[in-house]
Amino acid sequence: MRPTSLDPFFAPVSRLPGVGPKLGPLFDRVTGRAAEGARLIDLLMHLPVDAVERKLSPTIAETPNEGIATFKAIIEAHRPAPPGRSRAPSRVVVGDETGDVTLVFFNLPQARLASQMPLGAERVISGRIELFDGAKQIVHPDRILHPAKFAEEPRIEPIYPLTEGLSSRRIQNVAKLALQRVKPLPEWLDPALVAQRQWPGFLESLARMHAPESLRDLAPDGPCWTRLAYDELLAHQLGLLLLRRGFTHARGRRTHGDGRLRRAVLAALPYELTGAQKRALEAIETDLSEEKRMLRLLQGDVGAGKTIVALLAMAIAVEAGRQAALMAPTDILARQHADRLAPLCEKAGIRLALLSGKMPAEAKRRAQAALAAGEVDIAIGTHALFQEDVRFRDLAFAVVDEQHRFGVHQRLALANKGEAVDLLVMTATPIPRTLMLAWFGDLESSALDEKPPGRKPIDTRVVPVDRLEEMVGGLQRAVTSGKRVYWVCPLVGESETLDLAAAEARYEDLSKVFPGRVGLVHGKIPPAERDATIARFQRGEISVLVATTVIEVGVDVPEASIMVIEEAQRFGLAQLHQLRGRVGRGAEQSVCLLVYRAPLSEAARARLGILRETEDGFRIAEEDLRLRGEGDLLGTRQSGMPGFRLARLDLHAELLIIARDDAQLQITRDPDFVSPRGQALRNLLHLFEREEAIRLISAG
């Protein structure tokens, strides 16, 4: 239960004076809570991203020629728009002894301008100044104030991320009201750390960011923002460690296999395992043989052979007479895993079943009955696996693929389908060490950093868009010789509608060149139709698959050997690497064509250059973090990974290590959070909504 002292933080923003039902939905939208409704804590954590400093220039001559200018001036002349020309602007000339500035207004009544700026009056003017025909002018000044009124105004105005209908000034005023409703809380940070870093308190940091007295108050590396970033990182690390404690402290079961099924699977493979695969399997086998539950991350670069490691690990459970499950995020990925593993399982005598939400009701009922009766050794499926009506006879081992697409609750729901289930989570996105710590705490981890033998390097080329016709000519020859091509359309912008329009236009163009040989997949096409198109591409019935980034993860067609990525400069490095990894899976030499539109920014040039240099996903992940910062890397459109609201790992990475150590010390010294600091930390966990962590404290 949340303490009543925190209730004001979770009160609706819509109940604040001046908000109400009209502005409430705008605050819901701007804080990212359009569905649930914004609360005061959401508004207080909606921090400014910039600021305007309205510093008074001594004279007009000393104002800048561009940017924000603030100065005192006398109203010298009014020049109304000519009669009958409603679209022409009105102008007001203001000046001092050193020069003058023309203020330009569109669609404002002359009477209002005359009343606000009577001739001969002194006013403080502030706004974006520019040179027009060699003279200084401001179009629609931000501020026109009596000098006495200006003296009362804050010198620094925060600029917030906005939505249509809300101004930064409105957000700031409502945030100030919110701050009046909430009360200071007991300090949850180590006093020595606060003193050493000279950090303000939690509420003081929020107050200074919403009403800054200096630009330093808003700097991401300044004391206020850094303090709040540390709070978020500490809540996150406590949550991860408590979750892990809850999982691994539960008594485990030793799972020993005799090796017979693994030997049969290995004999059926047309290649030797890599050293990295063997090391990962040894670590998993060791974990399974211990009495505590396993929770291990297997991260492997694109095409590094995670699925085979997962199968061999699941075989250990089957050798011990128990069951295993592999959960994938999409129906198509689950089917691909089942199709790929079925021949190996058949040769080894392992009974495999697919269970997905899209199966016919009767087939699903039969699969569920076989699972419950123990007639299935390994179940592969989507989130359908952890539905209530799915029963295992004796589930001992669960694998979660592309784990970032599942929430903590979903992972645990699968693990709760059996007694002391061991859990292996897999990701195809190589993770820099900093982000590894952020997303998984100090989870045990194995990395597959070697490619299976026989994989040829992908020939990556950077092609300007003006050579598109020539490139399509080359593709015609390739398709005629039986090759298959992915064509990924650009991210046009924030608008998914524009993205789809670009994909549909490219599909029409290519259909003229390759009649009857082109398929189209994107997020708005019904899943069944999308799966059918991908299946036709897999069977070779179509040669070119035009797609948005829906194919980024999990579409596996070894026969596809050409990848075209249009407007490659718009994509992030990790995403380009993932897309490129859709080819290079068969014996044939593969090519990736990165089509770009000039001029390239410095960052885009660096991204494309790194892709040409290397296929090492771990190096690419580090470079991506360095080039773009964690904000973009964690964007939901990019990767589905959990981002932070306040912390920025490109700036606050060193705080993550301190937060991890602090969290470990707290859980060691005060595991039930009953000390004064422990009680205060419970408040922190509530404010950052780590409710699962609080439940685990209560459960011991």
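Counting non-hydrogen atoms of other residues, nucleotides and ligands closer than 6.0 Å to CZ of Arg143 gives a total above 12. Atom NZ of Lys149 has 12 or fewer heavy atoms from other residues, nucleotides or ligands within 6.0 Å. By the neighbour-count criterion of 12 heavy atoms within 6.0 Å, atom CD of Glu66 is sparsely surrounded, having that number or fewer from other residues, nucleotides or ligands. The neighbour count for Arg79 CZ, taken as heavy atoms of other residues, nucleotides or ligands under 6.0 Å away, does not exceed 12. Atom CZ of Arg597 has 12 or fewer neighbouring heavy atoms from other residues, nucleotides or ligands inside a 6.0 Å radius.
Side-chain contact between Ile68 and Glu53 is absent, with no heavy atoms from C-beta onward closer than 4.5 Å. Residues Arg155 and Thr70 are not in side-chain contact: their nearest non-hydrogen atoms beyond the backbone lie 4.5 Å or more apart. Residues Leu193 and Trp199 have side chains in contact (heavy-atom distance under 4.5 Å, counting atoms from C-beta outward). Contact of the Thr163 side chain with the Phe27 side chain is not registered, since no non-hydrogen atoms from C-beta on lie closer than 4.5 Å. Side-chain contact between Thr59 and Phe71 is absent, with no heavy-atom pair separated by less than 4.5 Å. Residues Gln110 and Ser90 are in side-chain contact: their nearest non-hydrogen atoms beyond the backbone lie under 4.5 Å apart. In this structure, His146 and Arg123 have side chains that are in contact, with non-hydrogen atoms separated by less than 4.5 Å. Side-chain contact between Leu234 and Leu681: present, with at least one pair of heavy atoms (C-beta onward) separated by less than 4.5 Å.
Listed for the Trp225 side chain is a donor-acceptor partner under 3.5 Å among the backbone atoms of Leu646. Using modelled atom types, no side-chain atom of His577 and backbone atom of Leu573 make a donor-acceptor pair closer than 3.5 Å. Looking only at distances, a side-chain donor or acceptor of His46 sits under 3.5 Å from a matching main-chain atom of Pro161. Remark: the backbone N or O of Gly99 is not paired with any side-chain donor or acceptor of Lys136 at under 3.5 angstrom. Proximity of a side-chain donor or acceptor of Asp217 to a complementary backbone N or O of Glu213 within less than 3.5 Å is detected. Judged by distance alone, the side chain of Asp96 and the main-chain N or O of Ile60 form a donor-acceptor pair under 3.5 Å. At distances below 3.5 Å, at least one donor-acceptor pair connects side-chain atoms of His78 with backbone N or O atoms of Met117. A donor-acceptor contact shorter than 3.5 Å is absent between the side chain of Asp661 and the backbone of Ile658. Counting only distance, with no hydrogens or angles, the side chain of Arg677 and the backbone of Trp188 share a donor-acceptor pair below 3.5 Å. Formation of a donor-acceptor pair under 3.5 Å by the Arg607 side chain with backbone atoms of Ala568 is not found in this model.
His210 and Tyr160 have their aromatic ring centers within a separation under 6.0 angstrom.
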**Report entry** Steps toward side chain to side chain contact (heavy atoms under 4.5 Å, CB included) verdict (Asp231, Arg227)
**Finding:** CA-CA 6 Å; Asp231 286 332; Arg227 152 77 205 227; 2.9 Å; yes
Requested in this report: Evaluate the side chain to side chain contact (heavy atoms under 4.5 Å, CB included) criterion for residues Leu228 and Phe202: first the C-alpha distance (whole Å), next the side-chain angles of each, then the deciding distance (0.1 Å), finally the verdict.
Outcome: CA-CA 7 Å; Leu228 295 170; Phe202 173 72; 3.6 Å; yes
Report task. Report the C-alpha distance between Arg39 and Phe9 in whole Å, list the side-chain angles of each, state the deciding distance to 0.1 Å, and finish with yes or no for side chain to side chain contact (heavy atoms under 4.5 Å, CB included). Result -> CA-CA 7 Å; Arg39 304 150 308 175; Phe9 286 93; over 6 Å; no
Report task. Any chance you could lay out the salt bridge (charged side-chain N to carboxylate O under 4.0 Å, His left out) test for Glu62 and Lys55, step after step, and finish with the verdict? Result -> CA-CA 12 Å; Glu62 292 171 81; Lys55 195 174 182 180; over 6 Å; no
Query - CA sep, side-chain torsions, deciding dist, call: Arg619, Glu613, salt bridge (charged side-chain N to carboxylate O under 4.0 Å, His left out) - result: CA-CA 11 Å; Arg619 184 188 155 202; Glu613 280 173 37; 3.1 Å; yes
**Report entry** Working for side chain to side chain contact (heavy atoms under 4.5 Å, CB included), residues Ile156 and Val52
**Finding:** CA-CA 6 Å; Ile156 293 171; Val52 172; over 6 Å; no
Report task. Give the intermediate values and the outcome of salt bridge (charged side-chain N to carboxylate O under 4.0 Å, His left out) for residues Arg169 and Asp142. Result -> CA-CA 11 Å; Arg169 201 173 175 88; Asp142 302 328; over 6 Å; no
Query raised in the report: So Glu689 and Arg645, salt bridge (charged side-chain N to carboxylate O under 4.0 Å, His left out) or not? Walk me through it.
Result: CA-CA 12 Å; Glu689 298 188 270; Arg645 293 176 73 175; 5.0 Å; no
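A salt bridge does not link Glu567 to Arg506: none of the charged nitrogens lies less than 4.0 Å from a carboxylate oxygen.
From Leu608, atom CG reaches atom OH of Tyr596 across 8.5 Å, with rounding to the nearest 0.5 Å. Going from atom CG of Leu131 over to atom CG of Asn65 covers 4.5 Å, rounded to the nearest 0.5 Å. Residue Gln569 holds its CD atom at 10.0 Å from CG of Leu594, rounded to the nearest 0.5 Å. The CG atom of Leu43 sits 7.5 Å away from atom CD1 of Ile171, with the distance rounded to the nearest 0.5 Å. Put simply, CG on Leu185 and CG on Leu687 are 6.0 Å apart, with the number rounded to the nearest 0.5 Å. Atom CD1 in Ile41 sits 11.5 Å away from atom OG1 in Thr31 (nearest 0.5 Å).
The shortest non-hydrogen separation linking Ala61 to Thr98 is N-OG1, 3.0 Å. The nearest pair of heavy atoms linking Ala38 to Asp28 is N-OD1, 2.7 Å. The two atoms that bring Gln198 and Pro223 nearest to each other are O-CB, 4.0 Å, heavy atoms only. Considering all non-hydrogen atoms of both residues, Ala81 and Ala88 come closest at CB-O, 3.4 Å. Residues Gln137 and Val104 share a closest heavy-atom pair of OE1-CG2, 3.6 Å. What you find for Leu179 and Ala207 is that their closest heavy atoms are CD1-CA, 3.7 Å.
Side chains of Arg54 and Ser126: a donor on one and an acceptor on the other come within 3.5 Å.
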